[in-house]
Amino acid sequence: MYDVIIIGAGPGGLSAGLYAGRMGLKTLIIEKLTPGGQITQSSEIENYPGVCEVKSGLELMQCWPEQTKRFGAKIISEEVNELRIENGEWRIKTHKNEYTSKAVILATGATPKRAGFKGEQEYIGKGVSYCAVCDGYFYKNMDVAVVGGGDSALEEALYLSNIAKKVYLIHRRNEFRASPLTVKKVKEKENIEILYNTTVEEVKGVPFLNTAIINQNGEIKELKVDGVFVFVGMNVNSSLVKDLCELNEYGEVKVDLNMKTSLDGLYAIGDVRQNSVKQVVASAGDGAVAALNVVKYVKNLKD
Ligand code: NAP
């Protein structure tokens with residue numbers, strides 16, 4: 001039996017694993033994809049304290065799994081399907097195995113939301129993308145559209161503007177949510193054209209996307225683009241615990257200042273928890289807080 005099982009190996013999960021291992025807990029981290037989390041899809045990180053050179057998310061996260069393993073945590077690649085508690089013992093079922101632990105830290109993060117236009121699902125991999133770092137290069141010297149008005153959309157529009165010939169930034173309102181500095185950079189970029197009060201209605205093209213039908217201030221227009229990148233926010237991945245502990249109206253897990261949920265022995269960190277600021281540094285901090293409190297919790301079980 002493990003002292004703690006951490007579900008998810010993004011910045012929160014890896015930081016929790018590092019702290020738990022270093023404090024002597026028998027620690028297992030289960031990740032369904034590769035370690036690193038959502039941030040590995042970000043093109044540029046310039047706000048992680050102490051990392052003074054601008055890095056890609058992938059570069060930033062590169063050594064985190066090794067550092068975590070150095071302190072004893074084990075990281076495996078399996079998908080967790082079920083989480084339950086029986087006689088005070090946590091049982092974590094994956095598609096391959098069942099593991100047991102004294103405590104669980106949920107670090108499952110969030111996944112990109114769909115914008116909801118016609119053809120969005122059908123054209124994934126054929127012109128619709130949720131990751132500029134992964135797919136941007138395919139659009140070298142082509143015209144693309146970015147949908148959204150938050151930090152992700154504007155940062156990725158900037159990234160794409162260095163690869164694509166032209167970037168149309170499509171936002172449904174006339175005011176951005178992104179930070180003022182990012183908005184300024186976007187406005188200064190010559191090959192980014194901002195389309196305010198605009199939504200994508202449909203995407204078309206055979207076999208690959210070549211047209212977006214847009215609605216600009218009520219007027220329907222055709223936009224010739226080869227790719228549409230969607231950055232319209234995130235859905236939290238809390239389904240594993242929805243019947244176990246309290247969630248808020250957005251499906252985020254309610255936690256206290258120790259990252260403890262409404263159920264003893266269950267902690268939630270990073271983007272899956274309520275009031276998360278969705279920053280790498282904050283998730284890493286959450287991981288440390290949760291792990292140090294799990295150490296106390298496990299010790300109390302023994303005493
Ligand atoms: P976000 O801040 O929630 O922004 C989502 C954007 O998508 C909003 O502009 C929203 O429009 C628009 N939108 C939502 N649903 C839509 C739909 N169906 N069709 C068209 N547009 C739609 O999401 P985010 O940009 O992913 O950022 C999430 C969090 O991570 C934020 O707290 C952000 O600050 C943070 N973040 C930080 C950094 C950084 O610090 N470097 C980088 C990326 C993200 P409205 O504005 O009209 O609602």
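First listed ligand is number 1; within each ligand, the first listed atom is number 1.
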Nearest protein heavy atom to atom 23 (O) of ligand 1, by residue and atom, and its distance? Gly233 CA, 3.5 Å
Taking atom types as modelled and ignoring hydrogens, do the side chains of Glu201 and Thr199 form a donor-acceptor contact shorter than 3.5 angstrom? yes
What heavy-atom pair brings Val236 and Val272 nearest, and what distance separates the two atoms? CG1-CA, 4.1 Å
Can you check whether Gly148 has an N/O within less than 3.5 Å of an N/O in ligand 1? no
Check the angle between the aromatic planes of Tyr196 and Phe176 and answer parallel, tilted or perpendicular using the 30° and 60° thresholds. tilted
So is Lys26 actually on top of Tyr2's ring, under 6.0 Å and inside 45° of the axis? yes
Just so I know, are the side chains of Ile194 and His171 near enough to count as touching, which here means a heavy-atom distance under 4.5 Å? no
By number and element, which atoms of ligand 1 are closer than 4.0 Å to a non-hydrogen atom of Asn47? 39 (C), 40 (O), 41 (N)
Quick one: which ligand 1 atoms are inside 4.0 Å of a heavy atom on Glu155? 38 (C), 39 (C), 41 (N), 42 (C)
Thr27 and Lys74: side chain donor to acceptor below 3.5 Å: no
Evaluate Arg172 for polar contact with ligand 1, using N/O atom pairs at a separation under 3.5 Å. yes
Would Leu292 and Ile269 show up in the same hydrophobic cluster when neighbours are defined by side-chain heavy atoms closer than 4.5 Å? yes
Exercise check, heavy-atom protein proximity under 4.0 Å to atom 39 (C) of ligand 1: yes
Keeping the roles fixed (side chain from Tyr123, backbone from Gly205), state whether a donor-acceptor pair exists under 3.5 Å. yes
Have a look at ligand 1 and work out which part of His171, if any, has a heavy atom under 4.0 Å from it: side chain, backbone, both or neither. side chain
Whether Glu120 side chain and Ala115 backbone form a donor-acceptor pair below 3.5 Å: yes
Could you tell me the residue and atom name of the protein heavy atom closest to atom 43 (C) of ligand 1, and the distance to it rounded to 0.1 Å? Ser152 OG, 3.4 Å
Distance-only polar pair, side chains of Asn162 and Lys189, donor-acceptor under 3.5 Å: yes
The closest protein heavy-atom partner of atom 32 (O) of ligand 1 is Val277 O, 4.0 Å
Any N or O on Met234 sitting closer than 3.5 Å to an N or O of ligand 1? no
By number and element, which atoms of ligand 1 are closer than 4.0 Å to a non-hydrogen atom of Gly149? 6 (C), 7 (O), 8 (C), 9 (O)
The closest protein heavy-atom partner of atom 31 (C) of ligand 1 is Asp151 OD2, 4.8 Å
Minimum distance, heavy atoms only, to atom 12 (C) of ligand 1: which one of Val230, Thr199, Val232 is it? Val232
Nearest heavy-atom approach of Glu31 to Ala9 is OE1-N, 2.7 Å
Can you tell me which residue and heavy atom of the protein come closest to atom 28 (C) of ligand 1, and the distance to 0.1 Å? Lys278 CD, 4.4 Å
Please write down residue, atom name and distance for the protein heavy atom closest to atom 37 (C) of ligand 1. Gln279 NE2, 3.2 Å
Using the rule that Ile, Leu, Val, Met, Phe, Trp and Tyr join whenever any side-chain heavy atoms are under 4.5 Å apart, tell me whether Val104 and Val241 fall into a single cluster. yes
Which protein heavy atom lies closest to atom 47 (O) of ligand 1, and at what distance to 0.1 Å? Arg173 NE, 2.7 Å
Considering non-hydrogen atoms of the protein only, which is the closest contact for atom 1 (P) of ligand 1, and what is the distance? Arg177 CD, 4.2 Å
Are any of the N/O atoms on Glu175, whether in the backbone or the side chain, positioned under 3.5 angstrom from an N/O atom of ligand 1? no
Looking at ligand 1, is there an atom of it that comes within less than 4.0 Å of some heavy atom belonging to Ala115? yes
